[in-house]
Amino acid sequence: MLGLMQSQPLLISGLIEFAERHHGDAEIVSRRVEGDIHRYTYKDSAQRARQVAQALDALKLDFSDRVATLAWNGYRHFELYYGVSGSGRVLHTINPRLHPDQIAWIANHAEDQVLCFDLSFLPLVQTVHARCSTIKHFIALCDEDKLPKDSGIPHLISYERWLGEQSGIYAWPSFDENSASSMCYTSGTTGNPKAALYSHRSSTLHAYAAALPDVMCISARDAILPVVPMFHVNAWGIPYSAALTGAKLVFPGPALDGKSVYELIEAEKVTFAAGVPTVWQMMLGHMKPAGLRFSTLKRTVIGGSACPPAMIRAFNEDYGVEVLHAWGMTEMSPLGTLCTLKNKHDALPEVEKMKIRLKQGRAIYGVDMKIVDAAGKELPWDGKTSGNLYVKGPWIVREYFKSEGGDPLVDGWFPTGDVGTIDADGYLQITDRSKDVIKSGGEWISSIEVENIAMAHPAVAMAACIGMRHPKWDERPILAVVKKPGMDTSREELMRFYEGKTAKWQIPDDVVFVDAIPLGATGKMLKTKLREMLKDYRLPGA
Ligand code: ADP
């Protein structure tokens, strides 16, 4: 016997329809590429999203055709999120920090038909457009009077003119909720990039889950600043969860420096912000010397790479802001775990609570996880045994776009490539990417743990731990350190800093000071590049 409830597909258009009808006057504020502040409401935004849908119809785009963006977080990008997916096309957000060759490669692989770009990326589009053979329409996200003349880009039109030709009188189509809605290429540190292809159903379920109290706790009382880019993994789903709850949205545009982000938080009374550790490091670096405080910020979700304990403590103890440490990946839409305490932890002393908050958190309903050994055997949840982390759930990839890379699943589970422990309460702690684990004398050393300790030293801006070949121990850890401007420390001082904080054999054998640690397109440390940089390095005594 089937249930007798209404059957309504979970479509992305439903989110903006809801926001328009029930939170029509909630604000969306954007710092524009032009530098000024733009503000309007969900109602205005829904109207323009429908104009996008009509404009795509006018271009004769088919269902599932790909529309690419090269854009910062802003209201026009938000309209494309809804207009493109809502009308049945697939939004392909391209990470502008990728190499131009890679951008051309993925635009061709995705068979993008349209490219919408912020004017900051005009030089990039000028470099790649001739190589993007499937793109027929180039649209600059700007007013008509800002449209560059003689750009060399064929038939370039302004977004405002493109939309201006449409009425916005349009009914969102209904279709199978399993239809593709958006796509995002992984950075492809090995081989060509592969695309996660999200569906309306997976994105809507993820948006529901992301808003839960034990996840990002998003509500109509929030003003949200997603610093995490809309060009990578849908800004962690925030553009969807915000519409689902009617929260105010504040978009930072291209101004991601500490001062701009801090000023936007204060000016727009932001209560909740989301970003990777490097962004917050810049902001705290701006605030501390100036003695600045937050007046409205309550929580921040930090993920994308391990959040150093020193940062969690600084937010918590110095600024009264709760840090929600999150773990996930492109293939997981991206949220997998988020760290909030359980009822039984209430009575714990503050130091014990902090030990839990430093972990990557527990699974969100919808995500199941397990750790396995090299033979695929499930390992115990004791908080000590570390293993390869596998996940499954309705917003986790089944396969990549165009079956690139073959079947990624193992008995229905997706191997994340991460290594970690899970404790008896289900809290995950990531110790490494499997390729970065340091194997020393038959034991594993967590590079993240070694880095976290160094990051608590006042003179350390960034630290990366990598394994170096050793004749006796196979590998030994060394630490590459970038010093904070105007601060000094020495190899000896840093090595001493480890004493009493970790087992002796986990202390790095050496410290090398570098000007910068190479970062990838999503702000993660590129340890392969660092290893190349240090290829002539020899361990002391090795
Ligand atoms: P995202 O851009 O969402 O970080 P990517 O697919 O680019 O997604 O990267 C995912 C990888 O980033 C994870 O597999 C993991 O190695 C790392 N990562 C993400 N969050 C954390 C975290 N909180 N702690 C440690 N590593 C993390």
Side-chain angles (χ1 to χ4, degrees), residues 93-95 97-98 102 106 182-190 193-198 206 210 215-216 226-238 274-280 300-309 311-312 323-340 356-364 367 369 371 386 388-391 395-397 400 405 408 414-422 427-437 446-452 455 463-465 519-528:
T93 53
I94 303 181
N95 185 339
R97 297 192 181 121
L98 293 173
Q102 239 176 356
I106 63 176
S182 67
M183 67 198 302
C184 179
Y185 280 75
T186 61
S187 314
T189 38
T190 50
K194 300 192 280 287
L197 187 62
Y198 311 113
H206 182 272
V215 187
M216 295 204 267
V227 184
V228 47
M230 289 168 79
F231 57 67
H232 188 62
V233 211
N234 300 327
W236 298 350
I238 290 173
V276 296
T278 38
V279 162
W280 301 132
T300 167
V301 59
I302 305 185
S305 26
C307 181
M311 182 176 286
I312 299 187
V323 170
L324 306 168
H325 194 187
W327 167 85
M329 60 199 308
T330 307
E331 287 88 338
M332 300 176 71
S333 305
L335 291 177
T337 66
L338 204 122
C339 200
T340 50
I356 303 172
R357 286 200 191 101
L358 302 181
K359 298 191 174 191
Q360 274 76 2
R362 52 202 166 82
I364 300 164
V367 173
M369 60 184 185
I371 43 172
S386 71
N388 298 312
L389 181 62
Y390 284 30
V391 289
W395 55 80
I396 296 168
V397 289
Y400 291 98
F414 178 78
T416 62
D418 284 332
V419 174
T421 63
I422 304 177
Y427 286 81
L428 168 74
Q429 180 148 31
I430 299 285
T431 50
D432 256 308
R433 289 295 287 167
S434 55
K435 57 185 187 309
D436 295 332
V437 168
S446 158
S447 65
I448 293 180
E449 203 182 315
V450 174
E451 288 155 8
N452 280 346
M455 289 297 287
C465 175
L519 297 179
T522 55
K524 287 186 232 304
M525 296 192 281
L526 280 182
K527 294 200 176 170
T528 37

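In each ligand, atom 1 is the first atom listed, and ligand 1 is the first ligand listed.
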Gap between atom CD1 of I312 and atom OG1 of T300 - 0.5 Å precision =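 Separation between the atoms: 10.0 Å.
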message = Once you restrict to heavy atoms under 4.0 Å, what part of C307 touches ligand 1? Side chain, backbone, both or neither.
response =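 Neither part.
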task = Pick one of side chain, backbone, both or neither for how M329 approaches ligand 1, counting any non-hydrogen atom pair under 4.0 Å.
result =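 The answer is both, backbone and side chain.
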Going by the closest heavy atom to [atom], which one wins out of [options]?
| atom | options | result |
| --- | --- | --- |
| atom 17 (C) of ligand 1 | G304, S434, G523 | G304 |
| atom 26 (N) of ligand 1 | A521, A326, A306, C339 | A306 |
| atom 7 (O) of ligand 1 | E331, K435, H232, Q360 | H232 |

ask   = Do you know the tightest heavy-atom contact between A274 and V301?
value =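 Heavy atoms only, the tightest pair is CB-CG1, 3.3 Å.
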inquiry  = Using the rule side-chain hydrogen bond (donor to acceptor under 3.5 Å, both in side chains), only one of K359, R362, Q360, R357 pairs with Y427; which is it?
reply    =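 Exactly one pass, corresponding to R362.
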With no hydrogens and no angle check, is any side-chain donor or acceptor of [X] less than 3.5 Å from a backbone partner on [Y]?
| X | Y | answer |
| --- | --- | --- |
| S182 | Y198 | no |
| D432 | V419 | no |
| K524 | G304 | yes |
| H206 | L335 | yes |

Against heavy atoms of [X], which atoms of ligand 1 measure under 4.0 Å?
| X | result |
| --- | --- |
| P334 | 3 (O) |
| R433 | 13 (C), 14 (O), 16 (O) |
| T330 | 5 (P), 6 (O), 7 (O), 8 (O) |

ask   = Of all the heavy atoms in K524, does at least one lie under 4.0 Å from an atom in ligand 1?
value =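 Checking ligand 1 against K524, which is what was asked, there is a heavy-atom contact under 4.0 Å.
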request  = Please verify whether a non-hydrogen atom of D418 lies at under 4.0 Å from ligand 1.
outcome  =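 Judged by the 4.0 Å heavy-atom criterion, D418 does count as contacting ligand 1.
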request  = Check the pair I430, L389 against side-chain contact (heavy atoms from CB on, under 4.5 Å), reporting the backbone distance first and the verdict last.
outcome  = CA-CA 9 Å; I430 299 285; L389 181 62; 3.9 Å; yes
key: W327, any N or O under 3.5 Å of ligand 1 N or O   =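 No, there is no polar N/O contact under 3.5 Å.
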